[in-house]
Amino acid sequence: MLYRILDILKDILYWLFDIFRDIGACFTRNIGITELLNIYWFMFLIEMPRYYLFDGIIILYHKLTFKKRDRIKNVAKRMLHIENPLVTILVPGKNEGKHIYKLCMSLAEQTYRNYEIIVVDDGSDDDTYLICSDLEKNGLIDKFLSSRERGGKASAANFGLYYAKGKYIIHLDADSSLDRDAIENILIPFYLDEEVKGVGGCVKVRNYNDNICTSLQAIEYLKTIMVGRTVTSTLGIYHIISGAFGAFDTAALRSVGAWDIGPGLDGDVTQKLRKAGYKVEFATDAICLTNVPTKWRALFKQRLRWSRSLIRFRVRKHRDILLITGKNGNFLNFVSNAENILYDCVFNYMWLFYILGLLFQYTDRLLEILTVGWLIRLALANIGFLILIVLTERPREEWKLIRFLPLTIFYTGYFMRIIRLIGHTSELFFFKSYEDTWNPQKTSVYARVEGQ
Amino acid sequence: MKKKTQEPQERRYHIVSNKLGRRILMINNLVQIDQEPDIKADDFDAIFINIAHRAYEENRLIIRWTSPIRTQKCYLKPLFATTALEEFMHFAAYLIDGFCSSPFDDKFTDYIETVYNNINKFRMRTELSQSLSSTAKNLANMVKFDISRGRLTYTNTTIRGYAKGYSAVFLAWYDNQETLYHEERSKFNLKMLELGFSEKIRMIDRVHTCPECGDSHLLFVECCPKCKSSNIKQEAILHHFRCANISPESTYQWDGELRCPKCKKLLRHVGVDYDRPATVYTCYDCGNNFMRSSMRVQCTNCGTSTTPDALIAVDVLEYKLTSDGLRAFATDEALLQIESKDIFSGHCTYEDFKNTIMSFSDMPSYRTHQLFILRYRYTYDGNDENLRLMDIMRSILSQLLTFKITTREKEILFMAVVPKAIAKTENSRFEQLINRLFDEFSVRETGFTVELLKTYTFDNEEDKPDDLIKQLEERVEAEPEVTEPLT
């Protein structure tokens with residue numbers, strides 16, 4: 001018995017030694033630069049230029065122009081406080097009553113004071129009604145609207161919008177909380193450029209310490225939202241104002257017909273604003289913290305929904321954007337959509353074939369190739385992390401997340417890609433998003449008929 | 001024939017006998033029975049009012065002059081009126097035992113017998129004592145009136161126009177004057193329980209009363225939670241499934257059809273195309289939109305506007321007179337015992353007068369009121385026993401029902417509860433009125449002079465009752481000029 005265990009241990013040790021030897025071999029004689037490019041072409045030609053090189057350059061530019069932007073920002077800030085417009089904070093949601101009090105408390109800390117809070121209850125079946133009517137009675141929220149029937153998030157948001165009195169609408173999720181200056185910062189872009197009619201806030205993860213799942217999501221949010229959207233916004237191809245924290249010009253929002261049926265209504269409304277010729281911006285310094293799913297299963301479902309909306313809205317509903325010469329043709333809009341579709345959908349399928357190709361082409365050296373790939377990715381991830389630490393306003397806290405970097409390779413490199421594959425395929429061929437219970441069936445039926 | 005029927009009409013009253021030999025006093029015109037020298041109390045057994053003035057005030061006057069509670073000659077006697085009067089009686093209907101077309105009606109005949117049976121059964125004293133009318137006496141008389149009518153329980157029913165909503169029986173109707181505050185009423189009820197004169201039977205209701213004045217005549221007004229205006233309108237909200245548009249129904253109105261303002265599609269079928277998930281109020285005064293209107297409570301008595309939460313709940317109980325109580329009231333024994341310091345108006349001893357001041361400070365519904373006390377000194381150069389001091393007190397009390405009066409060593413003290421808001425004008429009005437009545441009295445009663453020593457005001461929130469009593473005990477010399485000038 002003991003011998004057998006020792007035997008197995010010995011086997012494992014040999015195996016490990018083999019790997020190390022192979023890795024050593026890779027760097028010494030087996031793989032040259034050409035072969036590396038040959039094997040890891042996907043990483044070097046598609047991922048690296050976009051996510052590391054490009055991002056790095058833009059963020060560097062962003063950082064270098066800091067002083068100039070700061071000066072303009074101060075002027076805009078003064079203009080904001082001189083005009084001091086009423087801002088409507090719109091919080092639609094179902095069964096979110098328990099979060100509302102905390103949200104009100106966090107709003108009470110804001111540096112920008114002239115706001116009204118409208119909470120819309122979308123047919124809740126818990127104590128939301130009692131909690132919110134009480135808060136309304138005590139003056140913590142200005143307006144509490146509730147509908148007896150669930151109508152979907154879009155209808156709830158539209159309901160609130162109809163009664164909004166503010167010049168700007170700030171759309172918030174009930175479980176978000178804001179930095180003290182978040183409202184001020186998200187409003188400033190409206191004063192920087194008059195054509196800006198929508199501003200997205202920077203959403204970060206509040207429960208990043210809960211477990212590995214949330215920590216990985218925290219890194220992902222920093223990378224894709226904070227860094228990614230700063231980059232797209234600098235280039236003028238920013239394409240999604242997050243539903244958790246976004247600001248809109250009320251009149252512009254009403255003129256484009258506000259929210260349509262979801263899921264993915266936040267991206268849709270941004271597209272509509274862009275199509276109407278308005279600019280949308282990302283406010284890197286308007287920080288909103290939100291809770292992310294703690295269970296892999298819930299995360300899986302959430303991401304499936306998100307990835308489906310790419311097909312549903314960007315490929316199907318707003319396909320006219322992809323035709324530059326069409327009625328709604330606009331080069332930047334085209335680039336913003338095309339980039340999104342290319343990187344999230346097309347290259348994802350390409351990645352599938354790339355992986356399959358690797359499997360068949362280098363079956364015997366697969367372990368070696370994947371390990372080396374992982375090491376290269378780790379190196380790149382460190383560069384990416386460096387970029388985000390440069391950009392972030394709270395580097396000390398987020399620095400700690402570096403210990404999860406080795407795992408992010410699996411998280412973004414495999415887990416997310418597989419979810420996206422499933423999501424896109426199911427939506428492309430089976431229109432699965434119209435069956436999502438996230439939205440009530442009565443409206444989804446119509447959304448499909450209308451091709452929304 | 002015509003002439004015969006007209007003849008009695010010309011007389012103001014006459015007496016007829018019914019088939020059982022009861023003599024019925026027919027009242028044909030306004031007449032104050034107590035002041036008629038030709039008719040005695042023994043001359044008739046029942047009263048029939050045979051006039052029908054359309055004027056409510058005149059009807060009330062005749063009821064008052066033949067009241068089985070307050071007049072000496074008609075005391076406890078059955079009182080019927082012609083059916084023509086039925087619609088014009090309002091409150092006074094409580095004092096009338098019934099309506100019939102002629103005094104010989106069987107209904108009336110039977111009723112007379114019932115009343116006399118009751119009077120005999122409970123061995124009731126049927127004389128109204130001549131002495132000063134005090135609140136206690138009025139109450140006792142009302143109880144006696146009810147006993148003679150066989151009403152032994154306090155049948156609490158809502159009374160039209162009665163501000164306390166529920167009548168606590170005999171306390172409720174007092175010549176259309178509500179002389180008791182609800183604390184006083186409940187204290188009276190407790191006193192009756194304590195003395196063993198009554199017992200609780202059941203609880204009827206819990207009514208809500210104004211926190212300021214204890215009144216239950218309240219208007220419940222649906223209003224805007226922000227500006228409290230009731231100029232609000234409710235509108236249904238329509239949710240169009242197709243495009244997630246959601247707005248009030250009026251925004252969908254299009255040429256008689258419902259058309260979505262966002263996507264311009266027609267709404268054809270409720271539940272399929274659209275539904276109505278909510279209703280929203282709009283305030284036409286401040287422009288506010290809200291889903292839950294609030295409720296404002298407007299007191300019709302004092303004008304206070306409050307919320308339903310702030311109303312004071314008062315239990316309405318049903319009481320029944322016990323056999324002890326019946327005996328005590330029938331023989332007027334109860335009179336001394338129910339004289340309570342807590343009952344405000346009327347004549348009382350000086351001790352009770354002081355007690356009232358003390359208990360005034362405990363009564364929350366007097367918060368908005370203040371006590372106004374007038375202190376007079378009188379001199380009389382004749383024999384004190386001949387002085388009919390009670391006469392002047394009675395005449396003052398008949399004018400100022402809510403006054404409490406006491407006498408002590410050549411001094412007369414008046415006390416009134418006045419709402420703070422109108423205290424100044426009311427106080428001077430009282431002063432003038434009392435002075436005038438004293439003047440009239442001193443003309444009749446030679447050798448009687450009276451002078452105002454001092455006036456006091458007592459505020460629940462500012463002053464201490466002990467201090468006031470101390471001031472009242474002090475000897476005061478008449479001031480040459482009155483502290484508060486007469487206006």
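The figures here come from the full heavy-atom set of this structure, side chains too, leaving out hydrogens, waters and symmetry mates. In this text the structure is predicted, and so the values were computed from the model without any measurement. So you know, we letter chains A, B, ... as the sequences are listed, proteins then strands, and number each from 1.
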Query raised in the report: Checking side-chain contact (heavy atoms from CB on, under 4.5 Å) for the pair B:His239/A:Asn158: CA distance, chi angles, key distance, verdict?
Result: CA-CA 10 Å; B:His239 171 205; A:Asn158 287 339; over 6 Å; no
Within a radius of less than 6.0 Å around [atom1] of [X], do more than 12 heavy atoms belonging to other residues, nucleotides or ligands occur?
X        : atom1 : answer
A:Phe430 : CZ    : no
A:Lys301 : NZ    : no
A:Tyr115 : OH    : yes
A:Lys432 : NZ    : no

Query raised in the report: Is chain A contacted by the side chain of B:Thr251, its backbone, both, or neither, given a heavy-atom distance below 4.5 Å?
Result: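 For B:Thr251, the contact with chain A is made by the side chain alone.
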Query - Which portion of B:Asn289 sits near chain A, non-hydrogen atoms under 4.5 angstrom - result: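 Interface part for B:Asn289: both.
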Can you say whether [X] sits under 4.5 Å from chain B via the side chain, the backbone, both, or neither, judging by heavy atoms?
X        : answer
A:Lys153 : neither
A:Ala156 : neither
A:Lys143 : side chain

Requested in this report: Just give me the residue among A:Gly257, A:Ala157, A:Pro440 that pairs up with chain B most often, heavy atom to heavy atom, under 4.5 Å.
Outcome: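 Between A:Gly257, A:Ala157, A:Pro440, the count favours A:Gly257.
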[atom2] on [Y] to [atom1] on [X], rounded to 0.5 Å:
X        : Y        : atom1 : atom2 : answer
A:Ile261 : B:His240 : CD1   : NE2   : 9.0 Å
B:Ile246 : A:Asp122 : CD1   : CG    : 8.0 Å
B:Ser247 : A:Tyr163 : OG    : OH    : 8.0 Å
A:Ser155 : B:Ile237 : OG    : CD1   : 11.5 Å

Query raised in the report: Backbone N or O of A:Lys137 within a donor-acceptor pair of the B:Arg292 side chain at under 3.5 Å?
Result: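 No, because the side chain of B:Arg292 does not come within donor-acceptor range (under 3.5 Å) of the backbone of A:Lys137.
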Query raised in the report: What is the minimum heavy-atom distance between B:Ala244 and A:Trp259, and which atoms define it?
Result: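 In terms of heavy atoms, the two residues are closest at CB-O, 4.0 Å.
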